[in-house]
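Every chain is numbered from 1 and lettered A, B, ... according to where its sequence line falls, protein lines coming before strand lines.
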Amino acid sequence: MNRLWMAVSAMALVLLGVHLTACKQSSDPAASEDIPIGVYLSLSGANADFGVTTKNGIDLAVDEINAAGGIGGKKIRVIAKDTRSKPEEAQTVAKQLATQDKVVAAIGSVESGQSIKAAPVFQEAGIPMVSPSSTNPDVTKQGDRIFRVCYLDDFQGQACADFAFKDMKATKAGLLYAADDDYSKGLAGFFRDHFRKLGGEIVAEATFQGDVSEFKDQVSAVAAKAPAVVFVPVYYSKIGLIAREFRKQGFKGPLLGGDGWESEQLVQLAGETLEGCYFGYHYDPEDSDSKVQGYIKGYREKFKKEPNSLSALGYDAVYAIKQAIELGGGASRDQITEGLRKIKGFKGVTGTFDIDENRNARKPITMLKIGGTDLKKVKVIQPGDIK
Amino acid sequence: MDFTQLLQNMTNGVAKGSCYALVAVGYTMVYGVLQLINFAHSDVYMLGAYFAYWPAKWMGYLPDEKGGRAQDVPLALVGLFVVGSMVACAAVGALIERAAYRPLRNSGRLAPLITAIGVSLLLEYGGQMVFGTEPRLFPTFVEAQSYDVGGVKFANTSIIIVVTAAVLMGALTLFVNHTRQGRALRAVSHSFNNARLMGINVNATITMTFMLGSSLAAVGGILVAMDQPTITPLMGLRMGLKAFVAAVLGGIGSIPGAALGGLLLGVSESVVAYWSTTYSEAVAFLILIGVLLVRPAGILGSAAREKV
């Protein structure tokens with residue numbers, strides 16, 4: 001009995017301690033003198049590369065802004081949380097950011113599944129959220145404070161279908177996707193609808209569920225129908241395994257994917273098996289625009305690495321919030337939300353865009369071809385190109 | 001119906017099932033001796049892959065981030081890595097048994113079961129801390145090659161999996177049935193006290209059981225990583241579930257049962273996938289429930305004999 005009481009009182013003490021530190025943080029006078037922005041990303045786990053590269057882009061933008069004196073004399077303070085690549089964890093850390101860290105705006109996440117889980121938390125707390133690269137249409141439907149600075153999956157799926165049909169001259173396509181993932185399933189659906197509309201035929205569809213690494217049956221099902229192209233809208237940690245399995249089963253046709261393929265690890269995980277395959281990308285690194293080239297130079301200097309489009313979108317998300325603070329007239333949650341709604345002709349690294357009435361960005365997609373260890377731009381598809 | 005395609009799926013299923021079988025043996029051996037479901041077993045499988053990954057990485061057999069082609073690991077070194085990983089995993093298995101299960105030997109069946117779950121979580125989350133959570137490329141132990149026999153396609157890695165699994169399971173059966181240690185193992189599994197009266201060192205026999213099972217799991221981990229060269233600290237989760245089900249299906253406690261259960265599970269999954277890849281696992285598990293309703297002890301399991 002004594003032991004039980006000891007345990008209970010110890011727990012009570014710990015909880016009290018947590019509560020006290022939480023209170024202390026929120027009454028910290030320094031908090032009102034800077035701009036606390038919450039960031040939630042997959043900094044570890046299966047998709048760690050997504051979170052880390054996006055965070056790099058965010059850090060680069062924040063450092064630039066703070067070095068130039070901040071926004072109206074206030075410096076940005078980033079509070080970053082790790083979702084460990086799990087949608088449920090995104091919801092948990094969103095609650096922490098909203099209640100304990102008292103952020104005025106949030107940036108996150110890359111994976112649509114995470115953004116969809118976290119968005120209602122921020123919406124309820126009155127915090128504007130900007131997703132850098134969640135492309136599923138449902139993300140910004142979660143509430144009128146949820147924004148994004150990337151294109152949407154309906155456009156991405158259509159653009160990929162357009163590219164497959166018109167540029168790759170494929171009339172028969174296969175699909176392989178994750179049935180339990182918002183991003184993968186959504187993108188596959190948009191591709192399927194548009195490819196059929198164009199006159200193409202989906203000859204095979206296979207799905208998997210959960211964190212699997214074995215795709216023999218799925219690949220057999222698709223390869224048996226000999227499609228001219230296979231659309232595989234999955235994340236980078238899976239595409240390497242899927243591509244290897246396709247080649248092992250003797251399928252030599254090209255694979256096509258969305259922005260989820262993007263990672264520094266892509267070529268390493270897939271080896272030579274993705275040679276000659278294509279995927280969609282958020283910006284054009286060959287753009288001679290000074291903003292783009294300045295960003296690439298700044299990124300190389302700070303991280304000693306090549307930037308990619310996820311880091312570019314993280315970078316743009318921060319500058320979008322900066323512009324919103326200037327447009328809204330202050331850094332409160334409501335002012336930033338108002339400011340974000342007013343953004344027109346935003347000049348970012350990933351292109352010039354408006355935030356439309358559905359809080360989405362209308363932007364082009366760049367199709368890249370994988371060759372050896374290089375990614376080569378083959379086509380830029382504008383939203384107006386899709387009919 | 002497309003028979004080539006169906007045959008293709010069955011071929012896939014045999015390769016998958018052989019891996020399930022290799023891991024299932026570990027569950028079944030420990031259960032046969034201790035009536036304990038060693039949930040940590042599938043995490044030893046994960047460790048097996050990592051124990052082969054690290055030395056290969058240190059010796060520079062991984063491509064760099066730019067994707068430059070890495071050398072394939074020479075065959076002699078592959079053998080060394082595999083044996084090294086088996087030894088390391090055997091040591092981990094023995095350690096788990098000594099630290100987590102032996103102190104609870106006389107405290108009913110529930111306590112060690114809970115401890116087993118604890119050890120499993122420790123290895124999974126400890127693994128995430130030590131190895132990092134990001135997926136890692138497994139070095140090329142065998143250059144992938146594909147064959148086409150009458151329209152049925154399979155890779156050399158699948159053949160290696162099936163052959164290795166068959167050889168190891170055969171060796172294990174010989175060991176259990178035809179050696180002194182194997183006889184000791186069977187005796188301990190029959191009754192601790194009687195075995196002790198016959199002069200058998202019960203604790204040493206149990207440790208040996210864990211070491212055997214763990215080294216087989218290590219081979220399983222390496223074989224799967226060779227076929228699907230991306231490893232993560234949580235790769236044991238799904239394999240553990242499948243292998244455990246395979247062991248129950250074949251009759252837990254029976255070594256041939258584990259082999260049969262693994263193959264049956266793998267093949268039924270793949271055959272269902274002929275019609276639908278989405279529901280293949282659900283339907284395969286339904287079949288299992290059906291089998292267990294008819295034969296609760298599993299296909300090759302004997303009806304439980306109460307120990308007196």
Select, from [options], the one with the greatest count of heavy-atom pairs under 4.5 Å involving chain B.
{"options": "A:Ser85, A:Ser220, A:Ser237, A:Ser44", "value": "A:Ser220"}
{"options": "A:Ala179, A:Ala46, A:Ser213, A:Gly210", "value": "A:Ser213"}
{"options": "A:Thr207, A:Asp217, A:Asn47", "value": "A:Asp217"}

Euclidean distance, [Y] [atom2] relative to [X] [atom1], rounded to 0.5 Å:
{"X": "A:Ser311", "Y": "A:Asp59", "atom1": "OG", "atom2": "CG", "value": "11.0 Å"}
{"X": "A:Thr366", "Y": "A:Leu375", "atom1": "OG1", "atom2": "CG", "value": "12.0 Å"}
{"X": "A:Arg196", "Y": "A:Phe191", "atom1": "CZ", "atom2": "CZ", "value": "11.0 Å"}
{"X": "B:Leu223", "Y": "B:Cys19", "atom1": "CG", "atom2": "SG", "value": "6.0 Å"}

Which bit of [X] is near chain A, if near means a heavy-atom gap under 4.5 Å: side chain, backbone, both or neither?
{"X": "B:Asn9", "answer": "both"}
{"X": "B:Ser276", "answer": "neither"}
{"X": "B:Gln5", "answer": "side chain"}
{"X": "B:Thr157", "answer": "side chain"}
{"X": "B:Asn156", "answer": "neither"}

Pick whichever of [options] has the most heavy-atom pairs under 4.5 Å with chain A.
{"options": "B:Met239, B:Glu281, B:Gln228", "answer": "B:Gln228"}
{"options": "B:Ala144, B:Ala273, B:Ser270", "answer": "B:Ser270"}
{"options": "B:Lys16, B:Gln128, B:Glu134", "answer": "B:Lys16"}
{"options": "B:Gln145, B:Lys153, B:Arg238, B:Gln8", "answer": "B:Arg238"}

Between B:Glu124 and B:Ser120: side-chain donor-acceptor atoms closer than 3.5 Å: yes
Whether A:Tyr183 and A:Tyr235 hold their rings parallel, tilted or perpendicular, with breakpoints at 30° and 60°: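 If you compare the ring of A:Tyr183 with that of A:Tyr235, the planes turn out parallel.
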Donor-acceptor contact below 3.5 Å, side chain A:Asn136 vs main chain A:Gly113: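 Looks like no, no N/O pair under 3.5 Å.
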A:Lys172, NZ atom: more than 12 neighbouring heavy atoms under 6.0 Å: no
